[in-house]
Amino acid sequence: MENKLFNNPEYHSPQTLDEVLQLLDNYGEQAQIISGGTDLIPKMKARVLMPDHIIGLKQIENLDFIDYDSEKGLWLGPATTLGKTERHPIIQSLYPVLYEGIHSMASTQIRNAGTVIGNICNAVPSADTAPALLVLNAEIRISSSASERTVPIAEFFTGVCRTVLKPNEVVTGIHIPVPTEGAIMKYYKCSPRRALDLAVVGVATFVVVKDGICEDARIALGAVAVTPKRASRAEKMITGQKITPELITQVSEFAATEECSPIADMRATKEYRQELVRLSVRDGLLLAL
Amino acid sequence: MHFNINNIDYELYIDGAMTLVDLLRDEINLTGVKKGCDDGDCGACTVLADGRAIASCTTLAAEAQNHKIITIEGLATSQGLHPLQKAFIECFAVQCGFCTPGMIMASVSLLSENPDPTEDEIRDYLRGNICRCTGYSKIINAINQAKEEMKAVGGEKNA
């Protein structure tokens with residue numbers, strides 16, 4: 001049966017990771033990895049992406065891992081679905097900001113097929129896993145047939161739907177360190193609908209307070225710049241300081257005006273997005289007061 | 001390629017780029033699986049893969065191999081309708097019926113993961129299934145009725 005929507009790509013189902021890397025070497029620019037397909041297939045239907053080759057990952061054994069070690073932290077695999085991740089007790093108890101990011105996405109059906117790694121590789125500025133991964137200081141393991149490298153998530157995104165991945169590379173894991181004990185973390189997704197909608201503003205906060213002093217403050221912003229990003233300058237305003245409502249107000253105002261450059265579109269004006277950033281950062285930090 | 005759909009095995013030669021919804025509707029004639037948006041955004045195409053709800057319009061048919069796929073046509077048994085099917089009828093949760101197969105399949109997945117959901121949990125779980133006709137309240141009633149029947153029987157109905 002002819003399927004006109006797709007530019008008739010060739011579908012490959014390699015049985016090992018090595019075969020994937022070989023296929024990427026061969027087809028690189030004309031190939032797309034498919035793990036869940038929840039971003040790739042709509043894009044192919046809309047002809048935004050028209051690869052000649054699709055390389056499937058789901059049939060390879062053991063790529064859907066969630067491995068936790070109390071010292072080394074957490075590893076997620078390239079075929080690990082959003083659903084499997086959010087249902088995992090360690091994610092819910094130790095990494096609630098990641099749970100909240102994932103659970104805010106799309107729908108149950110999409111989360112049962114889509115993957116965490118797919119979400120960051122798709123790299124839209126509003127990616128809901130990104131702010132959580134940024135405040136958790138995740139590292140991305142990238143493999144090719146020739147090499148393996150690890151990139152901190154803060155360096156992974158390079159532009160709208162752009163990452164540091166070269167055409168013959170694939171992400172083979174995300175590593176998330178064990179979070180500091182006592183950290184207060186939260187993800188706020190601001191969007192017109194509760195389902196099947198992207199974030200107009202996404203804010204993740206991660207705060208460690210001891211004896212009234214903020215020992216560590218991490219703030220990540222999604223959907224308000226060309227990439228998801230940490231608000232490092234805002235963080236510096238509060239790290240090492242006594243945490244007070246006045247300081248929180250200052251930090252959230254700074255984050256809203258100086259740490260992001262939101263667009264204006266049919267979903268919201270620039271000023272409204274900035275206001276949402278201000279309120280979300282404020283509320284996230286207030287949780288640690 | 002080899003498929004297992006509604007507990008029947010199929011060997012089919014298909015395009016690598018075919019989506020699961022097209023395979024189910026056009027190759028196997030399971031037209032209970034509806035194409036609403038064909039984009040992953042409405043839930044009308046929801047089927048179960050190994051018991052979990054997925055959107056068949058954003059799944060490659062090729063990647064559905066080696067998974068148990070159940071559609072609305074596969075729910076009823078020789079003993080009769082699934083409690084959810086019965087409840088949807090009895091509670092008037094069906095108007096035009098277009099969202100219904102997907103809504104029921106998603107509900108089967110919900111009750112297998114959470115046999116006693118609150119209304120908030122039902123709404124959150126089913127937020128990927130859009131209904132234009134009913135306003136959802138009778139759908140909630142139907143799920144509540146079905147869950148009580150399934151709890152009384154003592155657990156998961158075979159899906």
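We use all heavy atoms of the structure for the numbers below, so side chains are in, but hydrogens, waters and symmetry mates are not.
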Subject >> Residues, nucleotides or ligands: over 12 heavy atoms within 6.0 Å of B:F92 CZ >> reply: no
**OP:** Heavy-atom distances under 4.5 Å only: say whether B:C57 touches chain A with side chain, backbone, both or neither.
**Re:** both
**OP:** Heavy atoms only, distances under 4.5 angstrom: which of B:C42, B:A49, B:A53 has the most pairs with chain A? Name it, please.
**Re:** B:A53
Subject >> Winner by heavy-atom pair count (cut-off under 4.5 Å) against chain B, out of A:R111, A:R193, A:R87 >> reply: A:R87
**OP:** To the nearest 0.5 angstrom, please state how far the CE atom of B:M18 sits from the CG atom of A:N8.
**Re:** 11.0 Å
Subject >> A:L196 vs B:I130 side-chain heavy atoms within contact, under 4.5 Å >> reply: yes
Original post:
To the nearest 0.5 Å, how far apart are CD in B:E63 and CD1 in A:I54?
Top reply: 8.5 Å
**OP:** Against chain B, label A:I34 side chain, backbone, both or neither, depending on which of its atoms sit under 4.5 Å from a heavy atom there.
**Re:** both
**OP:** Check B:A106 against A:Q109 and note the closest heavy-atom contact, atom names and distance.
**Re:** CB-NE2, 3.9 Å
Original post:
Checking heavy atoms, do the side chain of A:E10, its backbone, both or neither come under 4.5 Å from chain B?
Top reply: neither
Subject >> Within 6.0 Å of OH in B:Y136, more than 12 heavy atoms from elsewhere >> reply: yes
**OP:** Check each atom of A:S35 against the heavy atoms of chain B and say whether the ones under 4.5 Å are side chain, backbone, both or neither.
**Re:** backbone
**OP:** Using a strict 4.0 Å threshold on nitrogen-to-oxygen distance, state whether A:K45 and B:D39 make a salt bridge.
**Re:** no
Original post:
Is A:K43 atom NZ crowded by more than 12 heavy atoms from other residues, nucleotides or ligands, each under 6.0 Å away?
Top reply: yes
Original post:
Could you state the interatomic distance from CD (B:Q65) to OG (A:S13), rounded to the nearest 0.5 Å?
Top reply: 7.0 Å
**OP:** Tell me, with the steps shown, if A:T108 and B:L126 meet side-chain contact (heavy atoms from CB on, under 4.5 Å).
**Re:** CA-CA 7 Å; A:T108 308; B:L126 294 182; over 6 Å; no
Original post:
Do the side chain of B:T58 and the main chain of A:I41 share a donor and acceptor less than 3.5 angstrom apart?
Top reply: no
**OP:** Please determine, among A:H103, A:K58, A:H12, the option with the most heavy-atom pairs under 4.5 Å with chain B.
**Re:** A:H103
**OP:** Decide if atom CD of A:E61 counts as having more than 12 heavy atoms of other residues, nucleotides or ligands within a radius under 6.0 Å.
**Re:** no
**OP:** Quick one: pull up OG1 in A:T81 and CD1 in B:I54 and give me the separation to the nearest 0.5 Å.
**Re:** 11.5 Å
Original post:
How far apart are the closest heavy atoms of B:A62 and A:Y11, and which atoms are they?
Top reply: CB-CE2, 3.4 Å
Original post:
With a cut-off of 6.0 Å (strictly less than), are more than 12 heavy atoms of other residues, nucleotides or ligands near CD of A:E29?
Top reply: no
**OP:** Search all heavy atoms of A:S107 against all heavy atoms of B:G128 and return the closest pair with its distance.
**Re:** CB-CA, 3.3 Å
